[in-house]
Amino acid sequence: MQSVRLLMIGLGNVGQGLLTILIEQEQSLRQYGLNFSVVGVNDLRLGSLADPRGLSLPDLLAAAAQGDLNRVAAEKKGLSVEDMLEQVDYDVLVEASYTNLQSGEPATGYIRKAVSSRKHVVTTNKGPIALHYPELQSLAEQNGVRIGFEGTVMSGTPAIFLGMNWLKAAGIQRIQGILNGTTNFILTKMEEGMEYAEALAEAQRLGYAEADPTGDVEGYDAAGKVVILSNVLMGHSIAMGEVDRQGITHLTSADIRDAQRAGQRWKLIGTIEAVEGTIRASVKPRMLPLSHPLAQVMGATNAITYTTRYLGEVTLIGAGAGRLQTGYALLADLLSIYRRESS
Ligand code: HSE
């Protein structure tokens, strides 16, 4: 049995989702020959704990739900992230702190530090991967460790895995998708007659929306995912500012009804396309005929269509946000790092 000691930065919806799965699946994870423990947790809002013997996962989860980690037994309390990264003995940094798509900080600094100390990293944080992927990836290679970031696009639905491990060699020419759950949820609810503000509040309650939902409704979150897909799968580094971006805030209930009457549906669509040796990237609301496969994707569900040279179109539809769905992405990345080759 291999022990894997996790250091968790950020214990919001996603971190708590991972803890829930680790608790629920403890027995079945042993089948992989893995025993996960959490030796440190640091959350800006909830507090900071470290213990080399491992923290109680049920106690952590209960304390997080009550908004204060202080009641959990731990050898050390109150360490800063920087001190934790230096003083705690761990195997994998689980980085699920808040997303900053302007600088990628402070998460990028944490990931750099972990990788430089030869620790694996799994993250759901779009900032570091959208803004610093080539640098972080090369640092990881130099140090012989891996960075898993499946959860940055379509939560635990394996959009990155499929692209990197299967479709890349098939020649990806275009990627198009519904890459933000919150906006797809809002558009769906508005079609059902709900007001915009009420639909957004519901998306926040369900844990789909970013801490600042402007990132969702103005298309920044989807643009971050477009940049990640371009950098990772199209071999072409683009910056956030190069994405032609528009959100859904200007769409009114009347626009939604007009589309319905015309047998169409508004969707916020992210597109990355190789055109004459360069990349064109956009996030825009588009009115799609109901016969279009992406027009049928409703609620917080996401979808991605890869157009490839050898396979034509390959579409993946699945969860794009949510506590357990994104927590699962972290577990899948951990398993992918530690999976033993079956003989
Ligand atoms: N706020 C994002 C969404 C979460 O709604 O899709 C997943 O990145």
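On a predicted model such as this, the values are computed, not experimentally measured, just so you know. In each ligand, atom 1 is the first atom listed, and ligand 1 is the first ligand listed.
Below 3.5 Å of separation, one finds no N or O of Ala321 facing any N or O of ligand 1. Close N/O approach between Thr152 and ligand 1 is not found [any backbone or side-chain N/O within under 3.5 Å].
Listed by atom number, the atoms of ligand 1 under 4.0 Å from Gly181 heavy atoms are 3 (C), 5 (O), 6 (O). Listed by number with element, the atoms of ligand 1 under 4.0 angstrom from any heavy atom of Tyr208 are 1 (N), 2 (C), 3 (C), 4 (C), 5 (O). Each of the following atoms of ligand 1 lies closer than 4.0 Å to a heavy atom of Gly320: 6 (O), 7 (C).
Using a 4.0 Å cut-off between a side-chain N of Lys or Arg and a carboxylate O of Asp or Glu, Arg265 and Glu191 qualify as a salt bridge. Ionic pairing of Lys189 and Glu198 is not present here: no N-O contact between side-chain nitrogen and carboxylate oxygen is shorter than 4.0 angstrom.
Only the side chain of Asp221 comes within 4.0 Å of ligand 1, counting heavy atoms alone; its backbone N, CA, C and O stay farther away. Only the side chain of Asp216 comes within contact range of ligand 1, with a heavy atom under 4.0 Å; no backbone atom does.
The closest protein non-hydrogen atom to atom 5 (O) of ligand 1 is Thr182 OG1, 2.6 Å.
With 3.5 Å as the limit, one finds a donor-acceptor pair spanning the side chains of Ser336 and Arg146. Inspection of the Asp212 and Thr214 side chains reveals an N or O donor paired with an N or O acceptor under 3.5 Å.
Annotation: side chain of Lys126 is in contact with side chain of Ile228 (closest heavy-atom distance under 4.5 Å).
In this structure, of Lys126, Glu210, Gln204, Gln325, the residue bringing a heavy atom nearest to atom 2 (C) of ligand 1 is Glu210.
Considering Leu251, Leu187, Thr183, Asp255 in turn, Leu251 is the only one that fulfils the side chain to side chain contact (heavy atoms under 4.5 Å, CB included) rule with Pro285. None of Thr315, Leu229, Ile317, Ile178 except one satisfies the side chain to side chain contact (heavy atoms under 4.5 Å, CB included) rule with Ile304; the exception is Leu229.
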